[in-house]
Number of protein chains: 2
Amino acid sequence: MEQAIRNTLKDYNLRSTSCREDILGTFLNKEVALSHGDIEDSLGERFDRVTIYRTLKTFLEKGLIHKVLDDEGIRYALCKDNCSEQDHHHDHIHFKCVECGQTNCLANVHIPSVQLPDGYQASEVNLLIQGRCPACT
Amino acid sequence: MEQAIRNTLKDYNLRSTSCREDILGTFLNKEVALSHGDIEDSLGERFDRVTIYRTLKTFLEKGLIHKVLDDEGIRYALCKDNCSEQDHHHDHIHFKCVECGQTNCLANVHIPSVQLPDGYQASEVNLLIQGRCPACT
DNA sequence: TTTATAATGCAACGTTGTTGCAAGAGATAT
DNA sequence: ATATCTCTTGCAACAACGTTGCATTATAAA
């Protein structure tokens, strides 16, 4: 596990540091979309707030994580497909439960293609569905 | 126009105040999704920041506006259909141009229905497409 | 082990959003 | 037109969120 995380960082041309390892580990554990605050809470006082911000920014730029839209702000989740600095492809859907507040990725559910009016060029698609998850129904 | 705005406020059981009239007027003029900051900039120093926050909150609760998810935070747009406190229905799509930064509503384009896994109940759907708008292609 | 480069922590700052409370304005009935 | 009740506003103070510059420390490669 530890080693797998290090390898992932290496694959993305990132140096291994304890902060990066812990944050990546948190994403792997939780499997839901996390906000900066969630990560801060989960890691305790081990790292500076600023370092967490910068780590998230770095992960974003390298294509390790992507933004997840949320009605309360911005969250982040691991990229499932192999994204890179150049190329992002996320056609999956995020579901946020209004009851328990968890946001997670509905893998396997594909976004049906949308017919855009003339002149519009899509590069990224984000779909957030809010409602109740199976655990809260 | 002035009178139309007052009537709209009345329809939603809201007292007419200059702040509410101006904010509603701004939404009617701009026709794009606005953030709190956009509104603040557009209205100048006429109203307190706090009042703008509270006005947006009130408009939200009464069903006059709805949240539009954005990769930089949260924006608001007028409800087109007749929404109310109880009942919101927004199946339209928002398009954000990565070039000019404007977010607007693609009326006429409907969100294709999504087949959710068992146990999930959807109550609200938000679709944001990012790319280039006709003016920036 | 040395060295070049990158990441971290700290401090300071700016922005964004919230709450309580006193003063002021809107709507209604008289 | 006025009095009255209620809702809205502005102010102050605060909390949360996010950014930048710089000195120090850690990583990876020679």
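This one's a predicted model, so the numbers in the text were calculated from it and none came from an experiment. Heavy-atom basis, side chains included; hydrogens, waters and symmetry copies ignored. Protein chains get the first letters and strands the later ones, always in sequence-line order, with residue 1 at the start of each.
Using a 4.0 Å cut-off on heavy atoms, none of the residues of residues 22-39 of chain A approach DNA chain C. Taken residue by residue, residues 42-54 of chain A places heavy atoms nearer than 4.0 Å to DNA chain D at A:R49, A:V50, A:Y53, A:R54.
Within the structure, salt bridge (Lys or Arg N to Asp or Glu O under 4.0 Å) pairs that include any residue of residues 125-137 of chain B comprise B:E99-B:R132 (at least two apart or interchain). The stretch residues 67-78 of chain B participates, sequence neighbours left out, in these side chain to side chain donor-acceptor pair (under 3.5 Å) pairs: B:D38-B:R75, B:D70-B:R75, B:D70-B:K96, B:D70-B:T103, B:D71-B:K96, B:D71-B:Q130, B:E72-B:K96.
Across its full length, the helix from C:dT1-D:dA30 to C:dT30-D:dA1 shows an angle of 40° between the axes of its 5 terminal pairs at either end, rounded to 10 degrees.
With sequence neighbours excluded, no residue satisfies side-chain contact (heavy atoms from CB on, under 4.5 Å) with A:A4. Taking the side-chain contact (heavy atoms from CB on, under 4.5 Å) definition, one finds that A:E2 meets it with nothing, sequence neighbours left out. For A:P117, the side-chain contact (heavy atoms from CB on, under 4.5 Å) partners are A:Y120, B:L106, B:V109, not counting sequence neighbours.
Put simply, chain A comes within 4.0 Å of DNA chain D, heavy atom to any atom, from D:dC17 to D:dA28, going 5' to 3'.
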Tabulate below the donor-acceptor pairs under 3.5 Å that side-chain atoms of residues 41-53 of chain A make, not counting sequence neighbours, or state none.
residue : atom : partner : partner atom : Å
A:R46   : NE   : A:L43   : O            : 3.4
A:R46   : NH1  : A:D22   : OD2          : 2.4
A:D48   : OD2  : A:V50   : N            : 2.9

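B:L116 contributes atom CG, which lies 12.0 Å from atom SG of A:C133 (distance to the nearest 0.5 angstrom). A distance of 13.5 Å separates CZ in A:R15 from CD in A:E21, rounded to the nearest 0.5 Å. A:I65 CD1 to A:L60 CG: the interatomic distance, rounded to the nearest 0.5 Å, is 4.5 Å. Rounding to the nearest 0.5 angstrom, the gap separating the SG atom in B:C79 from the NZ atom in B:K62 is 14.0 Å. Once rounded to the nearest 0.5 Å, the distance linking CG of B:L64 with CG of B:L78 reads 7.0 Å. To the nearest 0.5 Å, atoms OG1 (A:T58) and CZ (A:R20) are separated by 5.0 Å.
When hydrophobic residues (I, L, V, M, F, W, Y) are linked wherever their side-chain heavy atoms come within less than 4.5 Å, the members clustered with A:L69 are A:L128, B:L69, B:L128.
One interatomic measurement links the two molecules: CG of B:L56 to P of C:dG17, which rounds to 10 Å at whole-angstrom precision. In this structure, the CZ atom of B:R75 is 11 Å from the P atom of C:dG17, given to the nearest Å. Between A:K62 atom NZ and C:dA7 atom C1' there is a gap of 13 Å when expressed in whole angstrom units.
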Please write out each protein N/O paired with an N/O of nucleotides 27-29 of chain C under 3.5 Å, distance rounded to 0.1 Å.
residue : atom : partner : partner atom : Å
C:dA27  : OP1  : B:S16   : N            : 3.3

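Between A:I74 and B:G73 the shortest heavy-atom distance is CD1-N, 3.8 Å.
Only one option out of B:T55, B:T8, B:L9 pairs with B:L14 in a side-chain contact (heavy atoms from CB on, under 4.5 Å); it is B:L9.
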